[in-house]
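Structure record follows, encoded as structure tokens.
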Amino acid sequence: MKLADDSLERFRSSGLGAASAVPDIPSVHPLPLLPGPADPRERVDAILASLERLQPFEPTAVVCLTGPGDRATVVAALREIGDAAQHLGLRIALEPYQRDGIEQWSIINTLGEAVELIDEVGSPAIGIQFDTWHLWNTPDVLDDIDAYADRIDAVHVNDWREPTRGWADRVLPGDGVADLPGILGALDRAGWDGFYDLEIFSDNGAFGTSYEDSLWNMPAVELARRARESFTKCWDNRTVIAG
């Protein structure tokens, strides 16, 4: 939704890399809190079109959620999406969703649940989108990182405000209650060497709720600076276990 006609040219001249990309329609089943068609067939067709649009940017992965709905439809859809991604040389990153509010977003919450679904689908092009906001409070998350690190294709970093005001009320790393140093340490020990992608939803009305202290009201350059400093502090304090 953010791409313009000249986006690819500008991106290629920037020298930047592409972390995980998000399609305009990001899930198989409809998401009650986001716009989009109700028919899963239409949604899958939209995702397939997004893969074609995003492929020239060479993202590390393309994010996909299940949405709330029946598992059989999700499995069939992910097989089709996985086949298309493999043909295009892309990875699909299936994102487990935070357990609080999951009923409006997904049928999977933990890394283990994501692996079970991916194995049922059977596509070699599908891995996991790890998101600290979604996974920080799942049971045994640090052990799960060690067990399933080879299935992770992309990492989103953000923090959990306590008390939270909704799904688009995230805060910068270290400003919430999640154990970011512990999670980053586990990812580092497990061998993750890809992008750490700062994804900070902080609604200023774009998604229907305008928080007076929304981080999105901050100038973009200032927010980028603060976000990088916050991540770096958590990274420097990451939990290191001597071998």
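Counting begins at 1 with the first residue of the sequence. Computed from a prediction, not measured in an experiment: that's the story for all the values here.
Counted within 6.0 Å of CD on E103, heavy atoms from surrounding residues, nucleotides or ligands total more than 12; the atom is thus considered enclosed. Heavy-atom contacts from other residues, nucleotides or ligands closer than 6.0 Å to CZ of R10 number 12 or fewer. More than 12 heavy atoms of other residues, nucleotides or ligands sit less than 6.0 Å from atom CG of D39.
Side-chain N/O atoms of S106 and T66 include a donor and acceptor closer than 3.5 Å. Side-chain contact, S20 with H156: a donor N or O sits under 3.5 Å from an acceptor N or O. A side-chain donor from one of S27 and R43 sits under 3.5 Å from a side-chain acceptor of the other. Between the side chains of E212 and N217, not a single donor N or O lies within less than 3.5 Å of an accepting N or O.
Side-chain contact check for L111 versus I128: some heavy-atom pair is nearer than 4.5 Å. Proximity of Y97 to L65: side-chain heavy atoms (C-beta onward) are separated by under 4.5 Å at one or more points. Taking the side chain as every heavy atom from C-beta outward, L31 and W105 approach each other to under 4.5 Å. For the pair L78/L117, a side-chain contact is recorded, criterion being any heavy-atom separation below 4.5 Å from C-beta on. Within the 4.5 Å cutoff, the side chain of P68 has no heavy atoms near those of the Q104 side chain. Side-chain atoms of L16 and F11, non-hydrogen and from C-beta on, do get closer than 4.5 Å to each other. Looking only at side-chain heavy atoms (C-beta outward), H87 and L51 stay at 4.5 Å or farther from each other. When side chains are defined from C-beta on, R53 counts as touching L3, because their heavy atoms get closer than 4.5 Å.
Residue D159 comes nearest to D175 through the heavy atom pair OD2-N, 3.5 Å, listed as atom of the first residue, atom of the second, then distance. The nearest pair of heavy atoms linking C234 to G174 is SG-N, 3.5 Å. When all heavy atoms are compared, the tightest approach of L198 to R228 is CD1-N, 4.2 Å. Of all heavy-atom pairs spanning C64 and I47, the tightest one is SG-CD1, 4.4 Å. The nearest pair of heavy atoms linking N109 to Q98 is ND2-C, 3.8 Å. Residues V22 and P26 share a closest heavy-atom pair of CG1-CB, 4.1 Å.
Rounding to the nearest 0.5 Å places CG of L187 at 9.0 Å from CG of L142. Put simply, CZ on R226 and CD1 on I200 are 10.5 Å apart, with the number rounded to the nearest 0.5 Å. Here the CG atom belonging to L135 is positioned 7.5 Å from the CD1 atom belonging to I183, to the nearest 0.5 angstrom. We find the CG-CZ distance between D188 and R238 to be 4.5 Å, quoted to the nearest 0.5 Å. Interatomic distance, T110 OG1 to I108 CD1, rounded to the nearest 0.5 Å: 8.0 Å.
Remark: side-chain polar atoms of R99 are paired, donor with acceptor, to backbone N or O of N137 under 3.5 angstrom. Using a distance-only test at 3.5 Å, with no hydrogens or angles considered, a donor-acceptor pair links the side chain of D70 to the main chain of T73. In this structure, the side chain of T232 does not engage the main chain of E229 through any donor-acceptor pair within 3.5 Å. D203 contributes no side-chain N or O that, together with a main-chain N or O of A168, makes up a donor-acceptor pair within less than 3.5 Å. In this structure, the side chain of S123 does not engage the main chain of R79 through any donor-acceptor pair within 3.5 Å. For the pair N158 (side chain) and E199 (backbone), a donor-acceptor distance under 3.5 Å is present. Listed for the R189 side chain is a donor-acceptor partner under 3.5 Å among the backbone atoms of T239. Formation of a donor-acceptor pair under 3.5 Å by the S202 side chain with backbone atoms of L215 is found in this model. Proximity of a side-chain donor or acceptor of R91 to a complementary backbone N or O of P124 within less than 3.5 Å is detected.
I25 and V62 are assigned to two separate hydrophobic clusters, defined by single-linkage of ILVMFWY side chains at heavy-atom distances under 4.5 Å. Hydrophobic clustering (ILVMFWY, side-chain heavy atoms < 4.5 Å, transitive): Y211 and V171 are in distinct clusters. Taken together through direct or relayed side-chain contacts under 4.5 Å among Ile, Leu, Val, Met, Phe, Trp and Tyr, V75 and I92 form part of one hydrophobic cluster. Cluster membership for L54 and F195, using ILVMFWY side-chain heavy atoms within less than 4.5 angstrom, is not shared.
Shown here are the side chain to side chain contact (heavy atoms under 4.5 Å, CB included) partners of D150, two or more places apart in sequence or in another chain: there are none.
Here the rule is ring-ring contact (aromatic ring centres under 6.0 Å, His included) with W133, and of W160, W167, F201 only W160 fits it. The side-chain contact (heavy atoms from CB on, under 4.5 Å) test with F130 is passed by exactly one of I145, D153, V157, D197: I145.
In summary, D45 and R41 engage in a salt bridge, as defined by a charged side-chain N under 4.0 Å from a carboxylate O. Under a 4.0 Å N-O distance rule, the pair R225/E222 qualifies as a salt bridge.
The aromatic rings of F231 and W235 sit parallel, their planes meeting at an angle under 30°, below the 60° perpendicular limit.
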Yes or no on side chain to side chain contact (heavy atoms under 4.5 Å, CB included) for L223 and L172, after CA distance, side-chain angles and deciding distance?
CA-CA 9 Å; L223 180 55; L172 297 177; 4.2 Å; yes
message: Checking R151 against I118 for the side chain to side chain contact (heavy atoms under 4.5 Å, CB included) test, could you report, in this order, the C-alpha distance in whole Å, the side-chain angles of both residues, the deciding distance, and whether it holds?
response: CA-CA 10 Å; R151 312 297 285 268; I118 292 168; 3.7 Å; yes
